[in-house]
There are 2 protein chains.
Amino acid sequence: MSGSVPATGRPKDRILGTARSLFRKCGIRGTGVDAIAESAGTNKMTLYRHFQSKDALIVACLEDAARDAEELWRTVEASAPGEPRKQLDTWIRLVEAGLHHDRGCEFSNAAVELPEACSVVRDTIASFKRTQRERLAGICRDAGIREADRLADTLGLMVEGARVSRQASGDEGPSSRFADCARMAIDHFALQGSPGIANAPAENQPAE
Amino acid sequence: MSGSVPATGRPKDRILGTARSLFRKCGIRGTGVDAIAESAGTNKMTLYRHFQSKDALIVACLEDAARDAEELWRTVEASAPGEPRKQLDTWIRLVEAGLHHDRGCEFSNAAVELPEACSVVRDTIASFKRTQRERLAGICRDAGIREADRLADTLGLMVEGARVSRQASGDEGPSSRFADCARMAIDHFALQGSPGIANAPAENQPAE
DNA sequence: CCTTGAAGTGACAGGTCGGTAACATTCCGT
DNA sequence: ACGGAATGTTACCGACCTGTCACTTCAAGG
């Protein structure tokens, strides 16, 4: 009893969802498997039947979070198909909204919390970050930004910083200015030269 | 035996130094007080005679780190007295150098690792972050940047992001572009308008 | 009906955690 | 040389940790 998640769906799904939620709230090291099982309305044995170890559960949670991130990119794309500049706007708005709901990036938090994690965990984190970096750089390229990679890294550093800064300084800290700073960076890089709009050749705009 | 820190100085200092070093390497939750005492070449009882609890030891470590940060600002100031623009350059170089040596910011890491920490720990973190923000904004103001606070927050988000990004993505990730992005932001804000024109004089230099 | 397999239960191993008590020893200023 | 303070040693506590055990319940499907 006292599970914070109603007993709907299969135990495996409840365990996964509960684990993610508790990891976010209390941290990974601050959450024991007992607490996860009980909070999921099940028991430890069932947890271990579905997940080989706590590490495996952590990886499963991260993979789940990665699926959410993929969905976010789909939302971004759908918000303005074929208009990458507007997609960047959407991205900023979604990231900013996420700042207030979540306790930072689950992957970055895991990297900080588990500096000596097993290789599979660290690989999952690094691989996810590579994917996100490429997704963002892709939109920047599509937007005709000349130094797309550099802009993507600038934005990447800012969002990473905003998410961790909020945990250290709260909502009133520097993270409150993320959207502001991000838009300014985009404008700066766009002025710097965007083939399709200002000057220079648009090599390969993906038709549309 | 097997203390990684030679038994020089008073036990209290050795404990503090060892704790900081272990917290950095293994994380706070990943480091037990037994390990700290042994690695400091002393024992748990002596540790508890000098520090009321592990939380108190954590706070002491953070205060020690804050002293280091103060020294960094002094170095920045001394690198180019009365030339805030050059001080910003120094700051970037020092931060970048620190990226490769440390495992991120001890305060931010603590905030991520201890989402449910006692209030004194969280206050120490938040207060430190406020101080750093103000230090950086102060130099930006002295440099005659019109939107000094905004630039300070932009740089603050970037450095915070670089430090956490390195832990998740390694040295080849976005953190490798921190100096690049930071200098670009400074140039952008400087062009945007500085009361005394392009780069020059901080208006009210206390004669020196 | 009976079989099968997933899920639930309580107990427990083996270990580490933060923290304490009682006592022995060493150091150092006077 | 003395005495008090600082330090070291050993043992211990209760709580929590991950992970495993044997066993029970129960519902679906043939």
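Both backbone and side-chain heavy atoms feed into the values below; hydrogens, waters and symmetry mates do not. In the text below, chain A, chain B and the rest are named by the order of the sequence lines, each starting its count at 1.
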Separation of B:Asn43 atom CG from C:dT20 atom C1', in whole Å? 13 Å

Note: for A:Met45 and A:Gly30 on DNA chain D, the residue whose nearest nucleotide lies more 5' is A:Gly30

In whole angstrom, what separates A:Ile36's CD1 from D:dG19's C1'? 13 Å

Lys/Arg N to Asp/Glu carboxylate O, A:Glu38 vs A:Lys44, below 4.0 Å: no

Before accepting this row, confirm whether a basic side-chain N of the pair B:Asp68/B:Arg20 lies closer than 4.0 Å to the acidic partner's carboxylate O. yes

Please work out which residues in residues 49-59 of chain A have a non-hydrogen atom less than 4.0 Å from an atom of DNA chain D and list them by number. A:Ser53, A:Lys54

Tell me the interatomic distance from B:Leu47, atom CG, to C:dG19, atom P, rounded to whole angstroms. 10 Å

Rounded off to whole Å, could you give me the CZ-to-P distance for the B:Arg10 and C:dC27 pair? 15 Å

Is the cationic atom of A:Lys12 (NZ for Lys, CZ for Arg) positioned less than 6.0 Å from the six-membered ring centroid of A:Phe51 and within 45 degrees of its normal? yes

Report yes if at least one side-chain N or O of A:Thr42 is closer than 4.0 Å to OP1 or OP2 of C:dG8; otherwise report no. yes

What is the separation between atom OH on B:Tyr48 and atom C1' on C:dC17, rounded to the nearest whole Å? 9 Å

Please report the distance, rounded to the nearest Å, between NZ in A:Lys44 and P in C:dA7. 18 Å

When the nearest nucleotide of DNA chain C is assigned to B:Asp34 and to A:Thr46 on a heavy-atom basis, which residue is associated with the more 5' position? A:Thr46

Here the distance between atom P of C:dC17 and atom CD of B:Glu113, to the nearest Å, is 14 Å

For A:Asp153, the option from B:Ser175, B:Ser176, B:Ser165, B:Pro174 that meets side chain to side chain contact (heavy atoms under 4.5 Å, CB included): B:Pro174

Can you tell me how the ring of B:Phe107 sits relative to the ring of B:Phe128, calling it parallel under 30°, perpendicular over 60° and tilted otherwise? parallel

Heavy-atom nearest nucleotide on DNA chain C taken for A:Lys12 and for B:Val33; more 5' hit belongs to A:Lys12

Could you check how far CD1 of B:Ile28 sits from C1' of C:dC17, rounded to whole Å? 16 Å

Take the angle between the ring planes of A:Trp73 and A:Trp91 and call it parallel below 30°, perpendicular above 60°, tilted in between. parallel

Could you pull out every donor-acceptor pair under 3.5 Å between side chains of residues 157-164 of chain A and any protein atom, sequence neighbours left out?
| unit_1 | atom_1 | unit_2 | atom_2 | d |
| --- | --- | --- | --- | --- |
| A:Glu160 | OE1 | A:Lys129 | NZ | 3.3 |
| A:Glu160 | OE2 | A:Ser108 | OG | 2.4 |
| A:Glu160 | OE2 | A:Lys129 | NZ | 3.1 |

